[in-house]
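Letters A, B, ... mirror the listed sequences (proteins, then strands); counts begin at 1. Values below: every heavy atom of this structure, side chains too, minus hydrogens, waters and symmetry copies.
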2 protein chains.
Amino acid sequence: MTSRRKVSNLLGLAVLAALRTRPMHPYEVAGLLREWGKDNDMKFKWGSLYTVVGNLEKHGFIKAVGSSREGRRPERTVYALTAEGRAEAEDWVRDLVGRPEPEFPRFKAALSVLGVLHPDEATRLLNERLRLLDERVAAERAGLAALDMPRVFLIEAEYDVAMRQAEADWIRSLLGELRDGTLTGAEAWREYYATGQLPPDWSQPPE
Amino acid sequence: MTSRRKVSNLLGLAVLAALRTRPMHPYEVAGLLREWGKDNDMKFKWGSLYTVVGNLEKHGFIKAVGSSREGRRPERTVYALTAEGRAEAEDWVRDLVGRPEPEFPRFKAALSVLGVLHPDEATRLLNERLRLLDERVAAERAGLAALDMPRVFLIEAEYDVAMRQAEADWIRSLLGELRDGTLTGAEAWREYYATGQLPPDWSQPPE
DNA sequence: CCTCCTTTACTCGTGCACGAGTATAAGCAG
DNA sequence: CTGCTTATACTCGTGCACGAGTAAAGGAGG
């Protein structure tokens with residue numbers, strides 16, 4: 001069990017949310033999520049969908065309410081939300097919103113081992129990332145502005161833009177500090193790649 | 001294979017980074033990572049450590065260079081970084097830094113299904129999250145300031161603080177918009193919970 | 001009306017993540 | 001020196017994630 005939740009994959013939450021509108025079969029759920037752009041908000045993998053639906057059923061959050069069959073296609077099971085499922089969805093969202101949990105973005109991990117690269121290369125890569133982020137932020141902002149749609153439906157997207165923007169700003173400031181030498185320890189880093197010698201405190205940072 | 005990388009767990013990257021200093025056995029690696037505070041930067045699970053080390057060896061990124069034994073304790077295999085491992089680590093970091101990939105924070109997923117809650121409850125929870133975030137940011141900032149240590153070693157932590165801060169700011173602005181009604185569609189949301197009736201465009205948002 | 005491509009709708013196997021369990025050793029209290 | 005707790009150092013099994021594969025149906029072109 002990955003967490004204390006019976007079904008841990010967030011796709012499960014999306015499925016529950018979709019089934020709030022009406023009973024559906026899995027593929028229909030997928031279509032709706034696609035239409036809602038949810039595949040942009042969370043990992044959406046076909047393989048996971050059916051496992052997740054199966055688990056939701058196993059734990060009583062949804063139940064099969066019939067199956068339609070057209071021609072000789074595989075039978076499509078239609079699922080409906082149960083009372084437990086409705087409660088689970090609400091509780092899950094409450095948890096996710098109310099309690100910030102530590103997350104581990106890949107970029108953070110990368111920053112923590114940035115020392116494996118030469119400072120000049122690191123700088124170059126950070127500039128590259130910055131460029132891509134700026135582009136994407138601009139594109140997404142434009143996309144959002146073009147879409148005339150009540151903004152409540154778009155808060156995740158607005159959040160996303162805000163976060164990317166913040167990351168871009170942070171990188172810009174880091175690059176600034178690297179440029180004008182106000183980032184303490186940066187010379188030691190450079191030194192290491194010049195002389196092959198670690199400053200004494202690299203393998204055991206003080207305190 | 002989760003991605004195109006032979007070993008996909010980021011813990012593997014940390015292991016490679018640690019082995020750059022000198023050959024070590026897995027538990028020693030773990031200790032070093034702890035000491036470096038890496039367990040704060042990425043998911044660190046004991047179960048994963050040994051799987052990851054095994055896979056790194058299988059793919060030739062590290063190799064056993066002997067095994068020490070003390071008393072009748074289980075034998076401890078000491079691993080060293082290979083040339084391929086060194087290259088892999090560098091390439092991996094290059095990738096992570098240079099190419100922003102879409103990520104799916106849990107809060108983003110939560111925002112995308114925020115509609116399952118009553119707007120008042122959502123507001124309450126957002127306020128709660130905001131409070132916790134502000135607290136944590138303050139604490140981390142204080143912690144960082146207290147630690148007199150070259151800042152190059154702390155960029156991940158500084159990044160983290162900046163991101164949390166940005167999130168807090170974004171939530172504050174969202175709450176503001178909810179309060180003074182400048183978030184379009186918010187009345188429809190409220191309406192739905194008052195009348196039980198979905199506005200016509202909930203199940204199929206236009207465009 | 002036949003063939004080929006695309007869309008629909010899944011299934012299956014591999015491989016990994018991770019928590020819980022285990023076993024030895026070291027410290028220390030009485 | 002005996003028994004208890006804490007730290008050390010893993011192992012193992014379950015369960016899930018996910019990509020690749022499959023197969024029927026619909027459509028479109030000749």
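When all heavy atoms of B:Met149 and A:Thr184 are compared, the pair lying nearest together is O-OG1, 4.2 Å.
Atoms CG (A:Leu11) and P (D:dC18) sit 9 Å apart, rounded to a whole Å. What separates CE of B:Met42 from C1' of C:dC18 is a distance of 17 Å, to the nearest Å. Atom CG of B:Leu10 and atom P of C:dC18 are 11 Å apart (whole Å). Note: CZ (B:Phe44) to P (C:dC18) measures 12 Å, nearest angstrom. Between B:Tyr50 atom OH and C:dA20 atom C1' the separation is 15 Å, expressed in whole Å. For the pair B:Arg5 CZ and C:dG15 C1', the computed distance is 18 Å after rounding to whole Å. The interatomic distance linking B:Arg34 (CZ) with D:dA9 (C1') rounds to 13 Å, in whole Å. Following rounding to the nearest Å, B:Lys43 (NZ) and D:dA17 (C1') show an atom-to-atom distance of 12 Å.
Between A:Asn9 and the phosphate of D:dC16, there is no side-chain N or O to OP1/OP2 separation shorter than 4.0 Å. Considering only side-chain N and O atoms, A:His25 lies nowhere under 4.0 angstrom from the phosphate OP1 or OP2 of C:dT8. In this structure, B:Asn55 reaches the C:dC16 phosphate: one of its side-chain N or O atoms is under 4.0 Å from OP1 or OP2. When the side-chain nitrogen and oxygen atoms of B:Ser48 are compared with OP1 and OP2 of C:dC18, one or more of them lie within a distance under 4.0 Å.
Aromatic pair B:Trp46/B:Tyr27: centroids less than 6.0 angstrom apart.
Closest to the A:Thr51 side chain, of the nucleotides D:dC18, C:dA9, C:dA17, is D:dC18.
Judged by closest nucleotide on DNA chain D, B:Pro26 is the one of B:Pro26 and A:Val52 placed further toward the 5' end. Each of A:Trp46 and B:Trp46 has a nearest nucleotide on DNA chain C; the 5'-most of these lies closest to A:Trp46.
You'll find the side chain of B:Arg141 reaches within 4.5 Å of the side chain of B:Val161, heavy atoms only. For the pair B:Leu32 and B:Thr21, the minimum side-chain heavy-atom distance is below 4.5 Å. Looking at A:Ile171 and A:Phe107, their side chains come closer than 4.5 Å, going by heavy atoms from C-beta outward.
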